[in-house]
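Below is one structure, written out as structure tokens; comments come after it.
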Amino acid sequence: MKITLKLFATLGVYLPTHATGNVVELDVPEGTTPDEVIDRLDVPGDLVHLVLLNGVYLDKNQRSSRVLKPGDAVAIWPPVAGG
Amino acid sequence: MAWAKKILRVNLSEGSVKSEPLNMEWAQQYLGQRGLASKYLVEEIDPKCDPLGPDNKLIFTTGPLTGTMASTGGRYSVVTKGPLTGAIACSNSGGYLGAELKMAGWDMIIFEGRSPEPVYLYISNDKAELMSADGIWGKSVWAADKIIRAKHQDPQIRIACVGRSAEAGCFYSAIINDLHRAAGRSGVGTVMASKNVKAVVCRGTQGVGNIKDPMAFMKATEEGKKVLRENAVTGAGLPQFGTQVLMNVINETGALPTRNMQEVQFKGASKISGEAMHEPRKSDGKPNLTTNAACFGCTIACGRISTIDKTHFSVENKPQYWGNSGGLEYEAAWALGAATGVDDLDALTYANFVCNEDGLDPITFGATVGAAMELYEKGAITKQDTGGIKFKFGKAEVLTKAVELVAAGEGFGKDLGLGSKRLCEKYGHPELSMSVKGQEFPAYDPRGIQGMGLAYATSNRGACHLRGYTVASEVLGIPEKTDPLVTEGKAGLVKAFQDATAAFDSAGICLFTSFAWSLDDVAPQIDAACEGGWSTEKLLELGERVWNMEKEFNLEAGFTKADDNLPPRLISEAAGSGPAEGKVNELDKMLPEYYAARGWDEQGVPTADTRQRLGLS
């Protein structure tokens, strides 16, 4: 199934080379969790701070337990803030 | 004591300057900067006075940590009654002016009256004098800065200045110091120009003394710096991507106000984001972002220094804009971009440069252009009103022309200089102004971040993100994550952020330290610098006292519960996409809880018990 992965700020370097901007479409097996997507791209766990699934925050437990659906968008940031 | 213990009182009507002692009894209750200057203001002016009349006062104020070795200890604020809102105004700026003023030996400057002729104030340590503004009145901030430097022949003077927009009466003119740092909001620059004051020019060589316990202060400030250094946000995230990293965060969250808050997500967000500022451009291979930058004493360095593509239409044949200057921060990028539907990064950077060059608040400016675009698309204003400009959403050329017109106070720029509230009232659609108490919203849609709706509605200076930044908790998880789509617990959250923020703002340090510091980190630094036993509890009480004092000023100025509200769009038109799709802001649920948490009655008036508890007389 296809999902969209967005890696922002300093995490952009972990995107595959064919990514456009900070976004890439990935083909993942049924049953994949956000943590498995993060592992697949070798994003260091300590840099994974803010994870949104279709814009909704996932806490650490949800990242390993939530099963992704076709068309889902996972967006990830290192620790950031502003204002 | 890190206070200089001296105030410079400038009577513009008489043309006199005099030194007077700082009220140290008040300093124990209000600390400094926002708190202490607001105390002076409420004691000295009639809350009902005309903000642009001689009876209003304008206070430049430092905090006890300004100019010290505390990290980010370079802040100053300008406190006055704001012309955009009619409410108490306090605009905070970084750069180097605040520290210079302190090192010249002054805690505050109080301007009163109105000068018969344009003047500027020149301070060299203990010496202060009013000088003629001949030759700089009528000039932009950047032009005046050059002339003043050439005149005084001192490369180390620091200058805060107003631009042509303030002289023309734009209601949201800023005071710009160090060319691109701003006391930005509520029209504090407009007040300065109304008093015929063009600039404050300062040179201070005395350092900051009076530290209560220097050894303890060195230890406490170093411990504070270690916390900032080791925190992933203040140690790495902010210096690398600045506040602009939020553009994609807030857009993904579904809370990026777009096209005058008609939508909550902007397709062009990625093109104007912090990430986009790092992308090399085609013409010269260089990115928009040249480097990051720090204000005085800051160990975070979130500032953005940018260049515009020389081939971009906005700067063709304008070499004066080809160099580096202050780049886009998140709020400015949002207002100039998403609020207007413009996704041209260089056009936004140009508009930001001009806001700095002529002293405009880019938040209110961008939001007002967004409101004008909606008025135009609804047919409420026409090309006859705009001088032939088609004010359509998404047009970069409209944005760049609009900023030039407001900067110069010409043509339709005079209407845009009214701010969105007066503009929308003038053209028969007051409901299209996305503002509270006359001040425009910043970059967070309260339908997608419920707590921010309450923070905006109750902010004492009108809609503002810097009075209670619950985004930190609701979106970023600092200090702990709360759900942005629910109202439960938000009354207490907003109050806690508001009170703590008032304490940070009274100390002389930057609010951005609060991404890593709690008041537990701040208290030891203040306590080592200042006499009075400054604990976390005392700082929290101080924050609550300041908040209530500001509120009472606004009540006396004529504001009521009806002003603690949001525009109808945000409480009746549901978000159309993202996680908040179908939601409005539920202010009606939060506001009564908030009043109760504050110890206010049902009309939002502090009760006698609350006033007594906080020592407000």
Side-chain angles (χ1 to χ4, degrees), chain A residues 2-26 34-35 37-38 41 43-69 71-83, chain B residues 231-238 240-255 264-265 270-271 273-276 278-279 300 302 329-331 333-334 442-444 448 465-466 469 471-472 474-478 481-485 511-512 514-516 577-581:
Chain A
K2 287 193 172 5
I3 64 151
T4 302
L5 177 68
K6 304 176 185 183
L7 296 180
F8 290 109
T10 50
L11 301 185
V13 297
Y14 296 99
L15 282 164
T17 51
H18 65 278
T20 307
N22 293 82
V23 183
V24 68
E25 194 174 68
L26 294 178
D35 267 355
V37 176
I38 292 165
L41 292 184
V43 183
D46 61 343
L47 292 182
V48 176
H49 176 72
L50 179 63
V51 180
L52 303 181
L53 173 58
N54 302 324
V56 178
Y57 177 81
L58 294 184
D59 65 28
K60 282 191 177 172
N61 290 331
Q62 292 169 323
R63 293 175 204 169
S64 58
S65 62
R66 183 68 61 88
V67 173
L68 296 174
K69 297 195 294 286
D72 273 351
V74 179
I76 306 173
W77 287 264
V80 293
Chain B
N231 180 282
V233 170
T234 50
L238 277 171
Q240 286 175 339
F241 282 87
T243 59
Q244 259 280 65
V245 78
L246 283 186
M247 187 65 72
N248 285 313
V249 176
I250 303 302
N251 194 46
E252 291 289 326
T253 304
V264 296
Q265 290 182 306
S270 64
K271 293 185 184 174
S273 66
E275 287 84 352
H278 282 262
E279 288 293 319
I300 302 174
C302 72
E329 312 289 347
Y330 171 58
E331 310 297 338
W334 161 77
Y444 313 91
H465 59 297
L466 294 170
Y469 192 68
V471 176
E474 294 182 275
V475 177
L476 304 170
I478 302 170
K481 187 74 176 67
T482 53
D483 185 343
L485 298 179
L511 186 58
F512 282 6
S514 69
F515 291 126
S577 68
E581 185 173 356

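Proteins come first, then strands; the chains are lettered A, B, ... in the order of their sequence lines, and each starts at number 1. The model shown is predicted, which means the values in this text are computed figures rather than measured ones.
- With chain B as the partner, the residue from A:G83, A:G12, A:A81 showing the most heavy-atom pairs under 4.5 Å is A:G83.
- The shortest side-chain heavy-atom distance between B:F241 and A:V80 does not fall under the 4.5 Å cut-off.
- Counting heavy atoms from C-beta on, the side chains of A:D59 and B:K481 never come closer than 4.5 Å.
- Contact annotation for A:N54: only backbone heavy atoms (N, CA, C, O) come within less than 4.5 Å of a heavy atom of chain B.
- Listed options B:L511, B:L485, B:V245, B:L238 were ranked by heavy-atom pairs under 4.5 angstrom with chain A; first place goes to B:V245.
- Between B:E275 atom CD and A:L11 atom CG the span is 9.5 Å, to the nearest 0.5 Å.
- Looking only at heavy-atom pairs under 4.5 Å with chain A, the residue among B:F512, B:Y330, B:Y444 that has the most is B:F512.
- Considering all non-hydrogen atoms of both residues, B:P579 and A:V56 come closest at CB-CG2, 3.8 Å.
- Shown here are the side-chain hydrogen bond (donor to acceptor under 3.5 Å, both in side chains) partners of A:S65, two or more places apart in sequence or in another chain: there are none.
- Highest contact tally toward chain A, considering only B:N248, B:L476, B:T253, is held by B:N248 [criterion: heavy-atom pairs under 4.5 Å].
- With a 4.5 Å cut-off on non-hydrogen atoms, A:A75 touches chain B through its side chain but not through its backbone.
- Of all heavy-atom pairs between A:G82 and B:Y469, the closest is O-OH, 3.2 Å.
- Heavy atoms of A:Y57 lying under 4.5 Å from chain B belong exclusively to its side chain.
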